[in-house]
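Below you'll find the structure, written out as C-alpha coordinates, and then a few comments.
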Protein chains: 2
Amino acid sequence: MNNLVSIKSATLSEDLAQQLSNAIVKGEIAQGSKISEPELAKQYGVSRGPLREAIVKLEGLGLVTRTANIGARVIQLNTQDMLDTFSMREALEGMAARLAASSMARHEIEGLYALLDKHQAYLDDNQDEHYVQQGGNDDFHLRIIHASGNTKLIRLLTEELYAVIRMYRRHTADQRSDPRQALREHRAILDAIANHEGDLAELLMRRHISRASHLLKQAMEHTALASQ
Amino acid sequence: MNNLVSIKSATLSEDLAQQLSNAIVKGEIAQGSKISEPELAKQYGVSRGPLREAIVKLEGLGLVTRTANIGARVIQLNTQDMLDTFSMREALEGMAARLAASSMARHEIEGLYALLDKHQAYLDDNQDEHYVQQGGNDDFHLRIIHASGNTKLIRLLTEELYAVIRMYRRHTADQRSDPRQALREHRAILDAIANHEGDLAELLMRRHISRASHLLKQAMEHTALASQ
DNA sequence: ACTAACAATATTGTCGACAATTGCACTTGA
DNA sequence: TCAAGTGCAATTGTCGACAATATTGTTAGT
(Lines give C-alpha, C1' and ligand atoms only; values in the text may rest on other atoms or scores of the structure.)
Protein backbone atom coordinates (compact mmCIF):
# COMPACT_ATOMS: atom_id res chain seq x y z
CA MET A 1 0.00 0.00 0.00
CA ASN A 2 2.57 2.49 -1.13
CA ASN A 3 1.60 5.05 -3.74
CA LEU A 4 4.85 6.90 -3.30
CA VAL A 5 6.48 7.19 -6.68
CA SER A 6 9.42 8.49 -4.74
CA ILE A 7 10.31 11.77 -6.38
CA LYS A 8 12.73 11.70 -3.49
CA SER A 9 12.97 15.24 -2.35
CA ALA A 10 14.81 16.19 0.78
CA THR A 11 11.79 15.97 3.01
CA LEU A 12 8.65 13.87 3.17
CA SER A 13 6.47 16.91 3.58
CA GLU A 14 7.66 18.38 0.28
CA ASP A 15 7.20 15.11 -1.55
CA LEU A 16 3.70 14.77 -0.19
CA ALA A 17 2.71 18.29 -1.15
CA GLN A 18 3.95 17.62 -4.66
CA GLN A 19 2.21 14.27 -4.97
CA LEU A 20 -1.04 15.50 -3.51
CA SER A 21 -1.00 18.58 -5.69
CA ASN A 22 -0.59 16.46 -8.80
CA ALA A 23 -3.23 14.00 -7.65
CA ILE A 24 -5.72 16.81 -7.14
CA VAL A 25 -4.92 18.52 -10.43
CA LYS A 26 -5.26 15.24 -12.29
CA GLY A 27 -8.52 14.52 -10.54
CA GLU A 28 -7.26 11.36 -8.85
CA ILE A 29 -8.56 12.91 -5.68
CA ALA A 30 -12.06 14.04 -6.50
CA GLN A 31 -13.16 17.65 -6.32
CA GLY A 32 -15.04 18.45 -3.17
CA SER A 33 -13.96 15.25 -1.50
CA LYS A 34 -12.85 15.24 2.09
CA ILE A 35 -9.20 14.72 2.91
CA SER A 36 -8.93 12.00 5.53
CA GLU A 37 -5.64 12.26 7.35
CA PRO A 38 -5.51 8.69 8.68
CA GLU A 39 -6.48 7.30 5.30
CA LEU A 40 -3.95 9.30 3.30
CA ALA A 41 -1.24 8.67 5.85
CA LYS A 42 -1.73 4.93 5.50
CA GLN A 43 -1.97 5.20 1.73
CA TYR A 44 1.32 7.02 1.39
CA GLY A 45 2.98 5.16 4.22
CA VAL A 46 3.85 8.19 6.31
CA SER A 47 2.77 9.56 9.64
CA ARG A 48 0.30 12.36 10.05
CA GLY A 49 2.94 14.94 10.97
CA PRO A 50 4.46 15.66 7.55
CA LEU A 51 1.09 14.96 5.95
CA ARG A 52 -0.48 17.81 7.89
CA GLU A 53 2.33 20.14 6.86
CA ALA A 54 1.71 19.18 3.24
CA ILE A 55 -1.99 19.93 3.66
CA VAL A 56 -1.19 23.36 5.07
CA LYS A 57 0.87 23.98 1.95
CA LEU A 58 -1.99 22.86 -0.27
CA GLU A 59 -4.24 25.29 1.53
CA GLY A 60 -1.78 28.05 0.67
CA LEU A 61 -1.93 26.95 -2.97
CA GLY A 62 -5.70 27.19 -2.87
CA LEU A 63 -6.16 23.52 -3.70
CA VAL A 64 -7.95 22.64 -0.48
CA THR A 65 -9.90 24.53 2.14
CA ARG A 66 -9.49 23.75 5.81
CA THR A 67 -11.85 24.18 8.72
CA ALA A 68 -10.66 23.85 12.28
CA ASN A 69 -11.55 20.56 13.93
CA ILE A 70 -13.34 19.43 10.82
CA GLY A 71 -10.68 18.94 8.23
CA ALA A 72 -9.61 19.69 4.70
CA ARG A 73 -11.68 19.44 1.57
CA VAL A 74 -10.58 19.59 -2.07
CA ILE A 75 -11.81 22.70 -3.81
CA GLN A 76 -14.72 22.52 -6.19
CA LEU A 77 -14.14 24.20 -9.52
CA ASN A 78 -16.88 26.57 -10.57
CA THR A 79 -17.35 29.24 -13.16
CA GLN A 80 -17.21 32.23 -10.85
CA ASP A 81 -13.93 31.21 -9.23
CA MET A 82 -12.49 30.53 -12.66
CA LEU A 83 -13.44 34.00 -13.84
CA ASP A 84 -11.96 35.53 -10.70
CA THR A 85 -8.74 33.59 -11.13
CA PHE A 86 -8.43 34.56 -14.76
CA SER A 87 -8.99 38.23 -13.96
CA MET A 88 -5.98 37.98 -11.72
CA ARG A 89 -4.05 36.17 -14.41
CA GLU A 90 -4.98 38.89 -16.84
CA ALA A 91 -3.55 41.57 -14.58
CA LEU A 92 -0.45 39.62 -13.60
CA GLU A 93 0.52 38.13 -16.93
CA GLY A 94 -0.22 41.44 -18.58
CA MET A 95 2.34 42.96 -16.27
CA ALA A 96 4.73 40.11 -17.03
CA ALA A 97 4.45 40.78 -20.76
CA ARG A 98 5.06 44.47 -20.17
CA LEU A 99 8.18 43.78 -18.14
CA ALA A 100 9.40 41.18 -20.60
CA ALA A 101 9.17 43.76 -23.38
CA SER A 102 11.65 45.96 -21.62
CA SER A 103 14.08 43.39 -20.31
CA MET A 104 14.01 40.30 -22.47
CA ALA A 105 17.32 39.44 -24.09
CA ARG A 106 17.71 38.93 -27.81
CA HIS A 107 18.54 35.23 -27.62
CA GLU A 108 15.60 34.58 -25.34
CA ILE A 109 13.29 36.16 -27.86
CA GLU A 110 14.81 34.03 -30.61
CA GLY A 111 14.22 30.97 -28.47
CA LEU A 112 10.58 31.87 -28.08
CA TYR A 113 10.12 32.35 -31.80
CA ALA A 114 11.61 28.91 -32.28
CA LEU A 115 9.14 27.53 -29.75
CA LEU A 116 6.22 29.05 -31.63
CA ASP A 117 7.53 27.58 -34.88
CA LYS A 118 7.62 24.23 -33.15
CA HIS A 119 4.03 24.63 -32.05
CA GLN A 120 3.10 25.61 -35.58
CA ALA A 121 4.76 22.50 -36.99
CA TYR A 122 2.97 20.37 -34.44
CA LEU A 123 -0.40 21.74 -35.50
CA ASP A 124 0.43 21.17 -39.15
CA ASP A 125 1.39 17.57 -38.50
CA ASN A 126 -1.49 16.67 -36.21
CA GLN A 127 -4.50 18.25 -37.88
CA ASP A 128 -4.83 21.01 -35.28
CA GLU A 129 -4.86 18.70 -32.29
CA HIS A 130 -4.21 20.62 -29.12
CA TYR A 131 -0.62 20.70 -28.08
CA VAL A 132 -0.22 19.11 -24.69
CA GLN A 133 1.48 21.61 -22.46
CA GLN A 134 2.71 19.47 -19.66
CA GLY A 135 3.67 22.51 -17.70
CA GLY A 136 7.23 22.19 -18.83
CA ASN A 137 9.45 24.60 -20.67
CA ASP A 138 7.25 24.35 -23.74
CA ASP A 139 4.63 26.60 -22.24
CA PHE A 140 4.67 30.00 -23.90
CA HIS A 141 3.10 31.69 -20.90
CA LEU A 142 5.65 30.30 -18.48
CA ARG A 143 8.47 31.52 -20.67
CA ILE A 144 7.04 35.04 -20.75
CA ILE A 145 6.54 35.01 -17.01
CA HIS A 146 10.12 34.00 -16.40
CA ALA A 147 11.33 36.58 -18.89
CA SER A 148 9.71 39.30 -16.80
CA GLY A 149 12.59 39.05 -14.37
CA ASN A 150 10.28 39.86 -11.47
CA THR A 151 11.00 37.13 -8.93
CA LYS A 152 7.89 37.82 -6.88
CA LEU A 153 5.68 37.67 -9.93
CA ILE A 154 7.37 34.49 -11.09
CA ARG A 155 6.88 32.78 -7.76
CA LEU A 156 3.25 33.81 -7.53
CA LEU A 157 2.31 32.73 -11.02
CA THR A 158 4.40 29.60 -11.39
CA GLU A 159 4.23 28.22 -7.87
CA GLU A 160 1.21 29.55 -6.05
CA LEU A 161 -1.39 29.99 -8.76
CA TYR A 162 -0.20 27.55 -11.36
CA ALA A 163 -1.72 24.43 -9.83
CA VAL A 164 -5.22 25.86 -9.87
CA ILE A 165 -4.79 27.20 -13.38
CA ARG A 166 -3.62 23.80 -14.60
CA MET A 167 -6.66 22.32 -12.92
CA TYR A 168 -9.00 24.55 -14.89
CA ARG A 169 -7.15 23.83 -18.10
CA ARG A 170 -7.35 20.12 -17.57
CA HIS A 171 -10.86 19.70 -16.26
CA THR A 172 -12.61 21.70 -18.89
CA ALA A 173 -13.07 21.03 -22.54
CA ASP A 174 -10.04 23.07 -23.42
CA GLN A 175 -10.14 21.42 -26.82
CA ARG A 176 -12.99 23.70 -27.76
CA SER A 177 -10.54 26.51 -28.23
CA ASP A 178 -8.94 27.16 -31.58
CA PRO A 179 -5.23 26.37 -31.27
CA ARG A 180 -4.33 28.26 -34.41
CA GLN A 181 -5.99 31.39 -33.14
CA ALA A 182 -4.12 31.04 -29.84
CA LEU A 183 -0.88 30.62 -31.74
CA ARG A 184 -1.52 33.77 -33.75
CA GLU A 185 -2.11 35.66 -30.54
CA HIS A 186 1.08 34.30 -29.04
CA ARG A 187 2.99 35.47 -32.06
CA ALA A 188 1.48 38.95 -31.87
CA ILE A 189 2.45 39.21 -28.22
CA LEU A 190 5.97 38.09 -28.94
CA ASP A 191 6.25 40.60 -31.81
CA ALA A 192 5.31 43.37 -29.42
CA ILE A 193 7.89 42.18 -26.93
CA ALA A 194 10.57 41.94 -29.62
CA ASN A 195 9.81 45.55 -30.55
CA HIS A 196 10.01 46.61 -26.90
CA GLU A 197 6.43 47.83 -27.01
CA GLY A 198 5.47 47.24 -23.41
CA ASP A 199 2.05 48.84 -23.58
CA LEU A 200 1.06 46.80 -26.58
CA ALA A 201 2.46 43.56 -25.19
CA GLU A 202 0.45 44.05 -22.02
CA LEU A 203 -2.71 44.86 -23.92
CA LEU A 204 -2.37 41.85 -26.20
CA MET A 205 -1.62 39.48 -23.35
CA ARG A 206 -4.64 40.71 -21.44
CA ARG A 207 -6.88 40.25 -24.44
CA HIS A 208 -5.44 36.81 -25.03
CA ILE A 209 -6.18 35.69 -21.49
CA SER A 210 -9.56 37.37 -21.44
CA ARG A 211 -10.49 35.49 -24.57
CA ALA A 212 -9.32 32.20 -23.10
CA SER A 213 -11.43 33.00 -20.07
CA HIS A 214 -14.55 33.49 -22.16
CA LEU A 215 -13.96 30.23 -23.99
CA LEU A 216 -13.43 28.38 -20.74
CA LYS A 217 -16.61 29.84 -19.37
CA GLN A 218 -18.63 28.59 -22.31
CA ALA A 219 -16.98 25.20 -22.06
CA MET A 220 -17.74 24.94 -18.36
CA GLU A 221 -21.35 25.89 -18.81
CA HIS A 222 -21.79 23.33 -21.55
CA THR A 223 -20.03 20.47 -19.84
CA ALA A 224 -21.99 21.32 -16.72
CA LEU A 225 -18.78 20.79 -14.86
CA ALA A 226 -19.50 23.60 -12.49
CA SER A 227 -22.99 22.52 -11.64
CA GLN A 228 -23.41 22.11 -7.97
CA MET B 1 7.66 32.41 29.80
CA ASN B 2 4.43 32.87 27.95
CA ASN B 3 4.25 35.50 25.27
CA LEU B 4 0.86 34.31 24.18
CA VAL B 5 -1.51 37.23 24.21
CA SER B 6 -4.16 34.64 23.61
CA ILE B 7 -6.09 35.86 20.61
CA LYS B 8 -7.74 32.53 21.21
CA SER B 9 -8.50 31.18 17.82
CA ALA B 10 -9.75 27.66 17.31
CA THR B 11 -6.33 26.16 16.87
CA LEU B 12 -2.86 26.80 18.23
CA SER B 13 -1.36 26.69 14.78
CA GLU B 14 -3.53 29.58 13.59
CA ASP B 15 -2.78 31.64 16.67
CA LEU B 16 0.91 31.08 16.25
CA ALA B 17 0.89 32.03 12.58
CA GLN B 18 -0.93 35.24 13.49
CA GLN B 19 1.39 36.08 16.38
CA LEU B 20 4.55 35.30 14.47
CA SER B 21 3.35 37.25 11.45
CA ASN B 22 2.72 40.31 13.61
CA ALA B 23 6.02 39.89 15.41
CA ILE B 24 7.90 39.78 12.12
CA VAL B 25 6.04 42.73 10.62
CA LYS B 26 6.67 44.79 13.74
CA GLY B 27 10.31 43.81 13.73
CA GLU B 28 10.16 42.07 17.10
CA ILE B 29 11.76 39.18 15.32
CA ALA B 30 14.67 40.66 13.43
CA GLN B 31 14.98 40.51 9.66
CA GLY B 32 17.29 37.78 8.49
CA SER B 33 17.31 36.09 11.87
CA LYS B 34 17.04 32.35 12.15
CA ILE B 35 13.86 30.80 13.47
CA SER B 36 14.78 28.34 16.19
CA GLU B 37 11.99 25.84 16.68
CA PRO B 38 12.92 24.72 20.20
CA GLU B 39 13.39 28.29 21.33
CA LEU B 40 10.11 29.60 19.91
CA ALA B 41 8.23 26.55 21.15
CA LYS B 42 9.43 27.19 24.68
CA GLN B 43 8.77 30.91 24.37
CA TYR B 44 5.17 30.46 23.30
CA GLY B 45 4.60 27.45 25.48
CA VAL B 46 3.58 25.05 22.72
CA SER B 47 5.05 21.97 21.17
CA ARG B 48 6.90 21.93 17.89
CA GLY B 49 4.04 20.35 15.96
CA PRO B 50 1.69 23.31 15.60
CA LEU B 51 4.69 25.63 15.52
CA ARG B 52 6.00 23.94 12.41
CA GLU B 53 2.60 24.20 10.76
CA ALA B 54 2.61 27.91 11.52
CA ILE B 55 6.06 28.27 9.97
CA VAL B 56 4.86 26.53 6.82
CA LYS B 57 2.09 29.11 6.65
CA LEU B 58 4.55 31.95 7.11
CA GLU B 59 6.57 30.55 4.24
CA GLY B 60 3.44 30.72 2.10
CA LEU B 61 3.02 34.34 3.12
CA GLY B 62 6.58 35.03 2.04
CA LEU B 63 7.64 36.14 5.51
CA VAL B 64 10.23 33.42 5.98
CA THR B 65 12.27 31.18 3.74
CA ARG B 66 12.85 27.57 4.61
CA THR B 67 15.63 25.19 3.69
CA ALA B 68 15.35 21.47 4.28
CA ASN B 69 17.28 20.22 7.31
CA ILE B 70 18.54 23.71 8.03
CA GLY B 71 15.54 25.70 9.06
CA ALA B 72 13.60 28.89 8.56
CA ARG B 73 14.92 32.41 8.31
CA VAL B 74 13.05 35.70 8.39
CA ILE B 75 13.16 37.52 5.07
CA GLN B 76 15.44 40.47 4.57
CA LEU B 77 13.79 43.50 3.04
CA ASN B 78 15.63 44.96 0.10
CA THR B 79 14.92 47.45 -2.62
CA GLN B 80 14.66 45.01 -5.50
CA ASP B 81 12.11 42.79 -3.76
CA MET B 82 10.12 45.87 -2.81
CA LEU B 83 10.02 47.02 -6.41
CA ASP B 84 8.99 43.56 -7.54
CA THR B 85 6.25 43.40 -4.95
CA PHE B 86 4.95 46.81 -5.85
CA SER B 87 4.85 45.95 -9.54
CA MET B 88 2.54 43.13 -8.61
CA ARG B 89 0.49 45.44 -6.44
CA GLU B 90 0.26 47.85 -9.32
CA ALA B 91 -1.18 45.19 -11.60
CA LEU B 92 -3.48 43.69 -8.99
CA GLU B 93 -4.84 46.82 -7.36
CA GLY B 94 -5.20 48.40 -10.77
CA MET B 95 -7.45 45.49 -11.68
CA ALA B 96 -9.27 45.88 -8.37
CA ALA B 97 -9.99 49.54 -9.13
CA ARG B 98 -11.23 48.62 -12.59
CA LEU B 99 -13.59 46.02 -11.19
CA ALA B 100 -14.74 48.32 -8.42
CA ALA B 101 -15.68 50.91 -11.01
CA SER B 102 -18.12 48.54 -12.62
CA SER B 103 -19.60 46.88 -9.55
CA MET B 104 -19.39 49.21 -6.56
CA ALA B 105 -22.72 50.13 -5.04
CA ARG B 106 -23.81 53.70 -4.51
CA HIS B 107 -23.77 53.54 -0.72
CA GLU B 108 -20.31 51.99 -0.69
CA ILE B 109 -19.02 54.86 -2.77
CA GLU B 110 -20.63 57.33 -0.39
CA GLY B 111 -18.94 55.56 2.50
CA LEU B 112 -15.57 55.90 0.82
CA TYR B 113 -16.06 59.60 0.21
CA ALA B 114 -16.86 59.94 3.90
CA LEU B 115 -13.65 58.09 4.72
CA LEU B 116 -11.61 60.46 2.57
CA ASP B 117 -13.27 63.43 4.28
CA LYS B 118 -12.26 61.92 7.56
CA HIS B 119 -8.68 61.59 6.41
CA GLN B 120 -8.79 65.19 5.21
CA ALA B 121 -10.02 66.38 8.59
CA TYR B 122 -7.31 64.40 10.30
CA LEU B 123 -4.61 66.06 8.22
CA ASP B 124 -6.09 69.49 8.93
CA ASP B 125 -6.09 68.83 12.66
CA ASN B 126 -2.66 67.28 12.91
CA GLN B 127 -0.50 69.48 10.71
CA ASP B 128 -0.20 66.85 7.98
CA GLU B 129 1.00 64.08 10.23
CA HIS B 130 0.67 60.74 8.55
CA TYR B 131 -2.56 58.95 9.26
CA VAL B 132 -1.82 55.64 10.93
CA GLN B 133 -3.46 52.95 8.87
CA GLN B 134 -3.52 50.07 11.25
CA GLY B 135 -4.70 47.77 8.53
CA GLY B 136 -8.28 48.15 9.64
CA ASN B 137 -11.30 49.35 7.76
CA ASP B 138 -9.84 52.82 7.48
CA ASP B 139 -7.48 51.78 4.74
CA PHE B 140 -8.60 53.18 1.40
CA HIS B 141 -6.80 50.50 -0.55
CA LEU B 142 -8.38 47.67 1.39
CA ARG B 143 -11.82 49.13 0.78
CA ILE B 144 -11.23 49.30 -2.95
CA ILE B 145 -9.92 45.77 -3.00
CA HIS B 146 -12.98 44.47 -1.20
CA ALA B 147 -15.22 46.48 -3.48
CA SER B 148 -13.80 44.63 -6.48
CA GLY B 149 -15.94 41.66 -5.55
CA ASN B 150 -13.27 39.29 -6.84
CA THR B 151 -12.82 36.83 -4.00
CA LYS B 152 -9.54 35.45 -5.34
CA LEU B 153 -8.09 38.90 -5.71
CA ILE B 154 -9.28 39.85 -2.24
CA ARG B 155 -7.71 36.81 -0.66
CA LEU B 156 -4.42 37.30 -2.47
CA LEU B 157 -4.06 40.98 -1.65
CA THR B 158 -5.46 41.06 1.87
CA GLU B 159 -4.22 37.74 3.19
CA GLU B 160 -1.23 36.54 1.25
CA LEU B 161 0.55 39.72 0.23
CA TYR B 162 -0.63 42.14 2.87
CA ALA B 163 1.83 41.14 5.58
CA VAL B 164 4.85 41.83 3.40
CA ILE B 165 3.37 45.10 2.17
CA ARG B 166 2.72 46.24 5.74
CA MET B 167 6.31 45.33 6.51
CA TYR B 168 7.63 47.62 3.81
CA ARG B 169 5.30 50.40 4.89
CA ARG B 170 6.41 50.12 8.47
CA HIS B 171 10.13 49.64 8.11
CA THR B 172 10.75 52.47 5.75
CA ALA B 173 10.49 56.16 6.24
CA ASP B 174 6.97 56.22 4.94
CA GLN B 175 6.68 59.67 6.47
CA ARG B 176 8.68 61.06 3.61
CA SER B 177 5.64 60.85 1.41
CA ASP B 178 3.25 63.74 1.10
CA PRO B 179 -0.06 62.70 2.69
CA ARG B 180 -2.02 65.47 1.01
CA GLN B 181 -0.82 64.38 -2.40
CA ALA B 182 -1.78 60.80 -1.62
CA LEU B 183 -5.20 61.98 -0.51
CA ARG B 184 -5.71 63.90 -3.73
CA GLU B 185 -4.83 60.80 -5.68
CA HIS B 186 -7.24 58.71 -3.63
CA ARG B 187 -9.98 61.17 -4.39
CA ALA B 188 -9.24 61.12 -8.11
CA ILE B 189 -9.40 57.32 -8.11
CA LEU B 190 -12.69 57.36 -6.26
CA ASP B 191 -14.12 59.92 -8.68
CA ALA B 192 -13.28 57.64 -11.56
CA ILE B 193 -14.94 54.73 -9.81
CA ALA B 194 -18.03 56.79 -9.01
CA ASN B 195 -18.30 57.64 -12.70
CA HIS B 196 -17.88 54.00 -13.66
CA GLU B 197 -14.77 54.81 -15.63
CA GLY B 198 -12.94 51.54 -15.23
CA ASP B 199 -10.05 52.32 -17.54
CA LEU B 200 -9.35 55.60 -15.81
CA ALA B 201 -9.68 54.12 -12.33
CA GLU B 202 -7.15 51.45 -13.20
CA LEU B 203 -4.76 53.94 -14.72
CA LEU B 204 -4.92 56.26 -11.72
CA MET B 205 -4.51 53.46 -9.23
CA ARG B 206 -1.48 52.18 -11.07
CA ARG B 207 0.09 55.62 -11.15
CA HIS B 208 -0.67 56.07 -7.48
CA ILE B 209 1.04 52.84 -6.51
CA SER B 210 3.91 53.42 -8.91
CA ARG B 211 4.51 56.79 -7.29
CA ALA B 212 4.43 55.28 -3.81
CA SER B 213 6.93 52.74 -5.03
CA HIS B 214 9.32 55.42 -6.21
CA LEU B 215 9.06 57.26 -2.93
CA LEU B 216 9.67 54.08 -0.97
CA LYS B 217 12.69 53.34 -3.10
CA GLN B 218 14.23 56.71 -2.36
CA ALA B 219 13.45 56.31 1.32
CA MET B 220 15.04 52.89 1.43
CA GLU B 221 18.17 54.03 -0.30
CA HIS B 222 18.53 56.93 2.10
CA THR B 223 17.83 55.07 5.29
CA ALA B 224 20.20 52.37 4.06
CA LEU B 225 17.67 49.94 5.35
CA ALA B 226 18.21 47.55 2.52
CA SER B 227 21.92 47.29 2.99
CA GLN B 228 22.65 43.79 4.02
C1' DA C 1 50.05 27.84 12.54
C1' DC C 2 46.99 25.90 9.46
C1' DT C 3 44.19 22.23 7.45
C1' DA C 4 41.62 17.96 7.60
C1' DA C 5 39.39 14.39 9.74
C1' DC C 6 36.61 13.11 13.49
C1' DA C 7 33.70 13.32 17.71
C1' DA C 8 30.18 15.70 20.24
C1' DT C 9 26.31 18.63 20.29
C1' DA C 10 22.31 20.84 18.70
C1' DT C 11 18.57 21.25 15.38
C1' DT C 12 15.36 19.58 12.12
C1' DG C 13 12.40 15.70 10.42
C1' DT C 14 9.40 11.94 11.64
C1' DC C 15 6.73 8.96 14.42
C1' DG C 16 3.28 6.93 17.64
C1' DA C 17 0.20 8.03 21.43
C1' DC C 18 -3.00 10.91 23.97
C1' DA C 19 -6.52 14.80 24.38
C1' DA C 20 -10.26 17.43 22.45
C1' DT C 21 -13.77 17.97 19.31
C1' DT C 22 -17.05 16.48 15.95
C1' DG C 23 -20.41 13.38 13.77
C1' DC C 24 -23.47 9.54 14.06
C1' DA C 25 -26.49 6.13 15.91
C1' DC C 26 -29.48 5.06 19.24
C1' DT C 27 -32.71 5.89 22.75
C1' DT C 28 -36.36 8.37 24.88
C1' DG C 29 -40.19 11.24 25.16
C1' DA C 30 -44.07 13.71 23.27
C1' DT D 1 -43.61 9.68 13.46
C1' DC D 2 -40.65 13.10 14.69
C1' DA D 3 -37.61 15.90 17.81
C1' DA D 4 -34.32 16.35 21.16
C1' DG D 5 -30.91 14.38 24.03
C1' DT D 6 -27.23 11.08 25.06
C1' DG D 7 -23.38 8.10 24.44
C1' DC D 8 -20.12 5.95 21.32
C1' DA D 9 -16.96 5.99 17.44
C1' DA D 10 -14.04 8.44 14.44
C1' DT D 11 -11.30 12.40 13.26
C1' DT D 12 -8.57 16.32 14.20
C1' DG D 13 -5.28 18.82 17.30
C1' DT D 14 -1.37 18.44 20.32
C1' DC D 15 2.40 16.44 22.66
C1' DG D 16 6.85 14.13 23.87
C1' DA D 17 10.36 11.01 22.14
C1' DC D 18 13.34 9.07 18.62
C1' DA D 19 15.95 9.26 14.06
C1' DA D 20 18.49 11.79 10.65
C1' DT D 21 21.01 15.66 9.36
C1' DA D 22 23.79 19.77 10.10
C1' DT D 23 26.90 22.50 12.97
C1' DT D 24 30.34 23.15 16.22
C1' DG D 25 34.47 21.93 18.72
C1' DT D 26 38.47 19.14 19.13
C1' DT D 27 42.33 16.62 17.86
C1' DA D 28 45.90 15.03 14.96
C1' DG D 29 49.00 15.65 11.28
C1' DT D 30 51.84 18.34 8.17
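Chain naming here is simple, since letters A, B, ... match the order of the sequence lines and numbering starts at 1 in each.
- Across all their heavy atoms, B/L77 and B/Q31 have their closest contact at N-OE1, 2.9 Å.
- Among the atoms of the strands shown, only primed sugar atoms or phosphate atoms (P, OP1, OP2) are found under 4.0 Å from some heavy atom of B/I35.
- Between A/R166 and A/N22, the side chains place a donor N or O and an acceptor N or O closer than 3.5 Å (distance only, hydrogens not considered).
- Checking B/H146 against B/H141 by side-chain atom types alone, no donor-acceptor pair falls below 3.5 Å.
- Side chains of A/Y44 and A/L12 form no contact here, defined as non-hydrogen atoms less than 4.5 Å apart.
- Protein chain A touches strand DNA chain D; the 5'-most and 3'-most nucleotides with an atom under 4.0 angstrom of its non-hydrogen atoms are D/dT11 to D/dT14.
- Considering B/L51, B/V25, B/V74 as possible partners of B/L20, the one that fulfils the side chain to side chain contact (heavy atoms under 4.5 Å, CB included) test is B/L51.
- The distance between atom CD1 of A/I70 and atom C1' of C/dT22, rounded to the nearest whole Å, is 7 Å.
- Of the two residues contacting DNA chain C, namely A/N69 and A/S47, the nearest-nucleotide position lying further toward the 5' end is that of A/S47.
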